2 protein chains.
Amino acid sequence: MEKTETPSVKRMMEDVVGCKWSLSVIDMVQRGVNRPGAMVREEDGLTTKVLNQRLSKLKRYRILERTVYPEVPPRVEYHLTEFGEAFAQIITRINDLQGRYFDESRT
Amino acid sequence: MEKTETPSVKRMMEDVVGCKWSLSVIDMVQRGVNRPGAMVREEDGLTTKVLNQRLSKLKRYRILERTVYPEVPPRVEYHLTEFGEAFAQIITRINDLQGRYFDESRT
DNA sequence: CAGTATCCAGACCGATACTG
DNA sequence: CAGTATCGGTCTGGATACTG
């Protein structure tokens, strides 16, 4: 049975965003890097253990969903849920913020 | 001399949001609880040590600014910078998201 | 290839006490 | 009242090895 959560945002933010690699994982999925193997290869320093911890957590929070393809060798893909996409877009918006407030001050 | 930082957003999010109490502090300042003493009184479990760690960090990231009033007893107030307000609004926006995607599904 | 188990060094928080 | 110093328990990430 699936286990999901809908806690307070404050907790979710602390729990999800606070964890190292979470944002990188979301970012990768957003860019089409959907398979665990590819993620580990792409993000230097990320190990399978930590990656799976993040993927599990992101799934629990309904930010990502997991799809298993019954093939050999096994293939698994993670994708953003509708909520996940909205969430990711907001994170992206913070990037814009930075540009607006800081980068313009560098000559 | 003031020390500030303008790192990548990803790092900032991990660093700021990941720290326990950061969001609570931002929230309090937003609600007009601007003095350290008041914050400690309001947020149960928050100690002066941790609070000052957060305040320093938020100041370094230019989310908060510190104002000292040369009085006796000493008075200090923290306020959101322009960037801080924008940042806080984004946090709020994630709150809305959650309501839109999950709460409506409960009956 | 996907995911789990174990071990370990380092970071962090909370409690407490103290200085300006 | 604002802020710092210290100590101890806990959590977590990184390295590694292993299972399905």
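Just so it is clear: chains get the letters A, B, ... in the order the sequence lines come, proteins before strands, and each one is counted from 1. Since this is a predicted model, take the numbers as computed values, not measurements.
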*NA contact type, B/Pro36, heavy-atom cut-off 4.0 Å: base, sugar-phosphate, or nothing?*
sugar-phosphate
*Criterion side-chain contact (heavy atoms from CB on, under 4.5 Å) on B/Leu97 and A/Ile90, from CA distance to verdict*: CA-CA 10 Å; B/Leu97 262 197; A/Ile90 291 183; 3.6 Å; yes
*For B/Gly45 and for A/Pro73, locate the closest nucleotide of DNA chain C by heavy-atom distance; then report the residue assigned to the nucleotide nearer the 5' terminus.*
A/Pro73
*Look at A/Arg75 and C/dA2 and indicate whether a side-chain polar atom (N or O) is within less than 4.0 Å of OP1 or OP2.*
no
*How close or far is atom C1' of D/dT12 from atom CG of A/Leu46, stated in whole angstroms?*
14 Å
*What's the CZ-P distance between B/Arg35 and D/dC1, to the nearest Å?*
8 Å
*Does any N or O donor sit under 3.5 Å from an N or O acceptor when you compare the side chain of A/Thr48 with the base of C/dT4?*
yes
*Mind checking who C/dT19 pairs with, Watson-Crick or G-U wobble, both distances under 3.5 Å?*
D/dA2
*Measure from NZ on B/Lys57 to P on C/dC13 and round the result to the nearest Å.*
7 Å
*asked:* From C-beta outward on A/Arg54, which listed nucleotide comes closest to its side chain: C/dC13, C/dC1, D/dG13?
replied: D/dG13
_Assess the residue pair B/Asp96 and B/Arg100 against the criterion (salt bridge (charged side-chain N to carboxylate O under 4.0 Å, His left out)); give the C-alpha distance rounded to whole Å, side-chain angles, the decisive distance to 0.1 Å, and a yes or no._
CA-CA 6 Å; B/Asp96 302 341; B/Arg100 203 175 322 143; 5.7 Å; no
*asked:* With rounding to the nearest 0.5 angstrom, report the CG to CZ distance, B/Leu64 to B/Phe87.
replied: 10.0 Å
*For B/Val16, does its backbone N or O pair with a side-chain atom of B/Ser22 as donor and acceptor, under 3.5 Å?*
yes
_Nearest-nucleotide pick for A/Trp21, side chain only, options being D/dG20, D/dG14, C/dA15_ = D/dG14
*Let me know the distance between OH of B/Tyr69 and C1' of D/dA2, rounded to the nearest Å.*
15 Å
*Between B/Met39 (CE) and D/dA2 (C1'), how many Å, whole number?*
12 Å
*Measure from the side chain of A/Lys49, starting at C-beta and using heavy atoms only, and say which of D/dA15, C/dC13, C/dG20 lies closest.*
D/dA15
*asked:* Rounding to an integer number of Å, can you tell me how far B/Leu51 CG sits from C/dC13 C1'?
replied: 13 Å
*Criterion side-chain contact (heavy atoms from CB on, under 4.5 Å) on A/Met13 and B/Met13, from CA distance to verdict*: CA-CA 9 Å; A/Met13 291 285 286; B/Met13 290 288 284; 4.2 Å; yes
*Looking at the side chain of A/Asn52, which of C/dC13, C/dT4, D/dG20 is the nearest nucleotide?*
C/dT4
*Reckon B/Gln53 has a side-chain N or O less than 4.0 Å from the OP1 or OP2 of C/dC12?*
no
*D/dG14 phosphate, OP1 or OP2: any side-chain N/O from A/Lys20 under 4.0 angstrom?*
yes
